[in-house]
Student: 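Let me give you the structure first, and then I'll get to my questions.
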There are 2 protein chains.
Amino acid sequence: MQEHEKLFKDFLKAKGLKLTLPRRVILDTIFTYHQHFNVDALYDVIRKDHQNVSRATIYRTMPLLVESGLIKQSLRCQSKDHYEHIYGHSDHLHFLCIKCGNIIEVESKEIEKTLKKLAATKNFDISDYNLGAKGVCESCQKKIL
Amino acid sequence: MQEHEKLFKDFLKAKGLKLTLPRRVILDTIFTYHQHFNVDALYDVIRKDHQNVSRATIYRTMPLLVESGLIKQSLRCQSKDHYEHIYGHSDHLHFLCIKCGNIIEVESKEIEKTLKKLAATKNFDISDYNLGAKGVCESCQKKIL
DNA sequence: GCTACTTTTGCGAATGAGTCTCAAAACTCT
DNA sequence: AGAGTTTTGAGACTCATTCGCAAAAGTAGC
């Protein structure tokens, strides 16, 4: 059993829940194929090998994965919630290109530090960051429109 | 005509569009009553005095207001898009309390500066920031669960 | 102010991501 | 294997947001 499976299993167990086959398939698929993803795309990938995992189950599993700390909710894009890995990935922020939809990831230690400092001044207990910007990426700027 | 009306009118004109009565009502209501708001709440307020402004028109006007730079899209909360003023408000970031739903606003010059610097290294042309964190606010931390 | 033209509006229908229900299936423990 | 719980898939459902359309309102030129 891989590391992330073990973590998820422990998390579930602590809540009296089970690491079932569909949950395992979802978790493994996420950690095999995807960086950023949304449920729809995930569903398509999963369906290739497992025709019997339903959308509902994926939707039901996402909050568990988020709560477990393995993934987090990320940008909302084209009216869909997106997710990204946390486990095994260092904090970073996103630049979302509004022309091509690509996401550029950038290390963000400094911003993170500042944010924590600010939160401390307000006695706010941060559970999750959301840092980024929308704009136009380098290659889209070069395209003549 | 108030300042923000003039700005919006000029913006619309430049696009060959018109500052109609419904658009004016929407704009004025936003700038009179609201800091953060969502379309639903805005609709209720507007309806008190103007029974003939439809939801569809509000939905259609929001992107124009965003594009004009008067307001921006903000946190998404309870499955609803939220908006906030920009015109007349300095940049700030949000701490959203996941217990009580309150939003704490904090000045963020420093983070902004860092973000701009990072964007510059990637040649990314920022049009809109999105900075914030979720967590638990001071008073909710004190509540015993 | 009136005409001709374009944009806008309100209404209700449509869309679509995400949630819920429920009976059947899968786990877990003994 | 059986009892008791949690999960699941399928499809119905919700509800924010968008769309289509015919009527209404703005605008520019007379």
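Chain letters run A, B, ... following the sequence lines, proteins first and then strands; every chain starts at 1.
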Student: Are A:His36 and A:His94 an aromatic pair, judged by ring center distance below 6.0 Å?
Tutor: yes
Student: Using only side-chain N and O atoms of A:Arg76, determine if any of them is under 4.0 Å from OP1 or OP2 of D:dA16.
Tutor: no
Student: Could you check whether the rings of B:Phe31 and B:His85 sit parallel, tilted or perpendicular, using 30° and 60° as the cut-offs?
Tutor: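 Plane angle between 30° and 60°, so tilted.
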Student: Using atom CD1 of A:Ile58 as one end and atom P of C:dC20 as the other, report the distance to the nearest whole Å.
Tutor: 17 Å
Student: Run the salt-bridge test on B:Asp40 and B:Arg55 with the 4.0 Å N-O cut-off and return the result as yes or no.
Tutor: yes
Student: Less than 4.0 Å between a side-chain N and a carboxylate O, is that true for A:Glu5 and A:Lys9?
Tutor: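 No, this pair does not count.
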Student: Please report the distance, rounded to the nearest Å, between CZ in A:Arg24 and P in D:dT7.
Tutor: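 Rounded to whole Å, this separation is 15 Å.
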Student: Of A:Arg60 and B:Tyr59, whose nearest nucleotide on DNA chain D comes first from the 5' end?
Tutor: A:Arg60
Student: Report the nucleotide, chosen from D:dT8, C:dG18, C:dC27, that has the shortest atom-to-atom distance to any side-chain atom of A:Lys18.
Tutor: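 The closest nucleotide is C:dC27.
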Student: What's the closest nucleotide to the side chain of B:Lys80 if the choices are C:dT21, C:dT9, D:dA16?
Tutor: D:dA16
Student: Rounded to the nearest Å, what distance is computed from the CG atom of residue A:Leu17 to the C1' atom of nucleotide D:dT7?
Tutor: 10 Å
Student: Among C:dT9, C:dT19, D:dT17, which nucleotide sits nearest the side chain of B:Thr57?
Tutor: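 The listed nucleotide nearest to B:Thr57's side chain is C:dT9.
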Student: Using a 4.0 Å heavy-atom cut-off across all strands, classify A:Asp81 as base, sugar-phosphate, or nothing.
Tutor: sugar-phosphate
Student: Of the nucleotides C:dT8, D:dT8, C:dC11, which one has an atom closest to the side chain of B:Ser54?
Tutor: C:dC11
Student: Which whole-number value in Å describes the distance from B:Ile46 CD1 to C:dG10 C1'?
Tutor: 14 Å
Student: Identify which nucleotide among C:dT9, C:dT28, D:dA16 has an atom closest to any side-chain atom of B:Thr20, counting heavy atoms from C-beta outward.
Tutor: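 Given the options C:dT9, C:dT28, D:dA16, the side chain of B:Thr20 is closest to C:dT9.
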Student: C:dA17 C1' sits how many Å from A:Asn38 CG, rounded?
Tutor: 10 Å
Student: Expressed as a whole number of angstroms, how long is the span from A:Gln73:CD to C:dA17:C1'?
Tutor: 13 Å
Student: Do A:Arg55 side-chain and D:dG11 base share a donor-acceptor contact under 3.5 Å?
Tutor: no
Student: Pick the nucleotide of DNA chain D nearest each of B:Asp40 and A:Tyr43; which residue has the one closer to the 5' end?
Tutor: A:Tyr43
Student: Does the D:dG26 base have a donor-acceptor partner in the side chain of B:Arg23 within less than 3.5 Å?
Tutor: no
Student: Please report the distance, rounded to the nearest Å, between CG in A:Leu19 and P in D:dT8.
Tutor: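 Those two atoms, CG and P, are 10 Å apart.
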Student: Walk me through whether A:Leu65 and A:Tyr83 qualify under side chain to side chain contact (heavy atoms under 4.5 Å, CB included).
Tutor: CA-CA 10 Å; A:Leu65 287 167; A:Tyr83 298 88; over 6 Å; no
Student: Any base atoms under 4.0 Å from A:Val39, or only sugar-phosphate, or nothing? Heavy atoms, all strands.
Tutor: nothing
Student: Could you state the CE-P distance from B:Met62 to D:dT18, rounded to the nearest angstrom?
Tutor: 11 Å
